[in-house]
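All chains are named by letter (A, B, ...) in the order of the sequence lines, taking the proteins before the strands, and each is independently numbered beginning at 1. Only heavy atoms go into these numbers, but all of them, side chains included; no hydrogens, no water, no symmetry mates.
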There are 2 protein chains.
Amino acid sequence: MDLLVESRGKGVRMGDIAKLAGISRQALYLHFTTRAELLIATTIYLDEINNTDERLAASRNARSGPERLDTYIEAWGTYIPEIYGVAKALLAMKDTDDAASKAWQNRMQAMRHGCEAAIEALKDDGNLSPDYSPDEATDILWTLLSVRNWEQLTIECGWSQADYIRKMKQLARRVLVV
Amino acid sequence: MDLLVESRGKGVRMGDIAKLAGISRQALYLHFTTRAELLIATTIYLDEINNTDERLAASRNARSGPERLDTYIEAWGTYIPEIYGVAKALLAMKDTDDAASKAWQNRMQAMRHGCEAAIEALKDDGNLSPDYSPDEATDILWTLLSVRNWEQLTIECGWSQADYIRKMKQLARRVLVV
DNA sequence: TTTGTCAATTGACATCATGTCAAGTAACGA
DNA sequence: TCGTTACTTGACATGATGTCAATTGACAAA
């Protein structure tokens, strides 16, 4: 996990991980039969120690739809950099490895439910833009908040983490809230 | 090119390409010394036969800033599915191969200039939202229109190509135009 | 004290894709 | 006829994942 986070997922081989863990490469395979499995276990572990589910669910306590949208974006936006290294490694395997692809899809579906709930809250408040159906709005929010977009805006465009969150909230409001 | 476009870039090996071209794998290496080079050459060729530059530049003729934004999104959005297979293959190599990474960055910078020009036109018209500096607005438009976002919305969310373009125009206007 | 189990080790090996190298061949033009 | 050019065949190196077999050392139960 340390290695993946630190090196942003790039060039981390099974041997490197074993070395850092102080065991042989083969011993690693006794615990995780494939690289994908190791990566998946790492994300699960990472979520566990970071208390991810709870932190993401905290936006439920918001009093209004727009506030809920804000807090969800804040929670998710804070979460991304913590998992970025592992996510990136998984993302890279996604296109060739079926297990990795499914694991990633699974994580992203979970995050989509958060988006869906936020949109639902907006709708219940009567604040959802009439331009979009709840499904479409969810699609848009989900895409807006993708890890790739975070990557592009912060790493390539040089936005600070604070900028990212602030601008993302503003953007989501402009698009989705009436 | 056919193979890449058709198979969406997935699992296309040098041997497969050679086979389809009716030459030996080694002969392929006489023409393109690396896979990355072949992919890069393919995108250039693809752009050439598709008259990409001209089509993307056509938005210059728009009479107003917002109209220019629309036509640019239309042109770019129409372009993406045509290059998607090759783009995807290049994208997959980006994280491990330096040449591929640079080539992709290069293409994306070119596309960024289009975004920049559209934002500039908005600003000149006094239509650019005061919430964003031109740079920020360019970052946002550039990210919004990324190939990954197109991929997510059309392939994963099931939006039709027409939906994508229509909604993207609408979204960009809501975010960027005052 | 013996025996069995468990986790791990060492080292060899299969696989698969990219990329390299060497020797040979068929066509074509001067 | 000679030389050049594009290509062929086939062998090989590399680097990563993943597999297999034989071995070791510790610990626990009989």
Side-chain angles (χ1 to χ4, degrees), chain A residues 1-46 84-107, chain B residues 1-46 84-107:
Chain A
M1 188 187 78
D2 290 344
L3 204 51
L4 285 164
V5 169
E6 184 197 346
S7 63
R8 290 187 153 163
K10 247 180 232 179
V12 176
R13 292 160 301 186
M14 294 296 271
D16 300 328
I17 296 168
K19 203 173 184 180
L20 192 67
I23 59 173
S24 67
R25 190 172 70 90
Q26 286 68 12
L28 198 54
Y29 279 102
L30 294 176
H31 295 274
F32 308 96
T33 39
T34 65
R35 198 176 117 93
E37 195 184 315
L38 170 60
L39 255 32
I40 293 164
T42 308
T43 58
I44 292 172
Y45 176 63
L46 200 48
Y84 176 64
V86 185
K88 182 95 188 173
L90 210 49
L91 228 27
M93 289 194 75
K94 197 182 86 139
D95 293 323
T96 50
D97 188 287
D98 205 47
S101 164
K102 275 181 185 143
W104 180 256
Q105 255 177 37
N106 182 44
R107 304 298 306 150
Chain B
M1 189 187 77
D2 290 346
L3 203 51
L4 285 164
V5 170
E6 183 197 345
S7 63
R8 293 190 150 159
K10 248 180 230 180
V12 176
R13 292 160 300 186
M14 294 298 271
D16 300 329
I17 296 168
K19 202 172 185 180
L20 192 67
I23 59 173
S24 68
R25 190 171 69 89
Q26 285 65 13
L28 198 53
Y29 279 102
L30 295 177
H31 294 275
F32 308 95
T33 40
T34 65
R35 198 176 117 94
E37 195 184 315
L38 170 60
L39 290 177
I40 293 165
T42 310
T43 58
I44 292 171
Y45 175 65
L46 200 48
Y84 177 65
V86 185
K88 181 97 187 172
L90 210 47
L91 228 26
M93 289 194 77
K94 195 182 85 137
D95 292 323
T96 50
D97 188 287
D98 204 49
S101 165
K102 276 180 185 143
W104 181 257
Q105 255 177 36
N106 182 44
R107 304 299 305 149

CZ-CG distance between A/Arg8 and A/Leu3, expressed to the nearest 0.5 angstrom: 14.5 Å

- request: Please examine the side chains of B/Trp104 and B/Leu91, heavy atoms only from C-beta on, and report whether any two atoms are closer than 4.5 Å.
  value: yes

- prompt: Does B/Asp16 pair with B/Lys19 as a salt bridge, N-O distance under 4.0 Å?
  reply: no

statement: Residues in residues 21-41 of chain A with a heavy atom under 4.0 Å of DNA chain D, by number, are A/Arg25, A/Gln26, A/Tyr29, A/Thr33, A/Thr34, A/Arg35

query: Quick one: CE on B/Met93 to CG on B/Asp98, what's the gap to the nearest 0.5 Å?
result: 10.5 Å

message: My understanding is that only residues two or more places apart in sequence, or in another chain, count here; which of them pass ring pair (Phe, Tyr, Trp, His ring centres under 6.0 Å) with A/Tyr29?
response: none

- prompt: Is the closest side-chain heavy-atom distance between B/Arg35 and B/Asp97 below 4.5 Å?
  reply: no

field: Straight-line distance of B/Met14 CE to B/Leu38 CG, nearest 0.5 Å
entry: 5.0 Å

- line: Bounded by its outermost nucleotides with an atom under 4.0 Å from a heavy atom of chain B, the footprint on DNA chain C reads C/dA17 to C/dC21

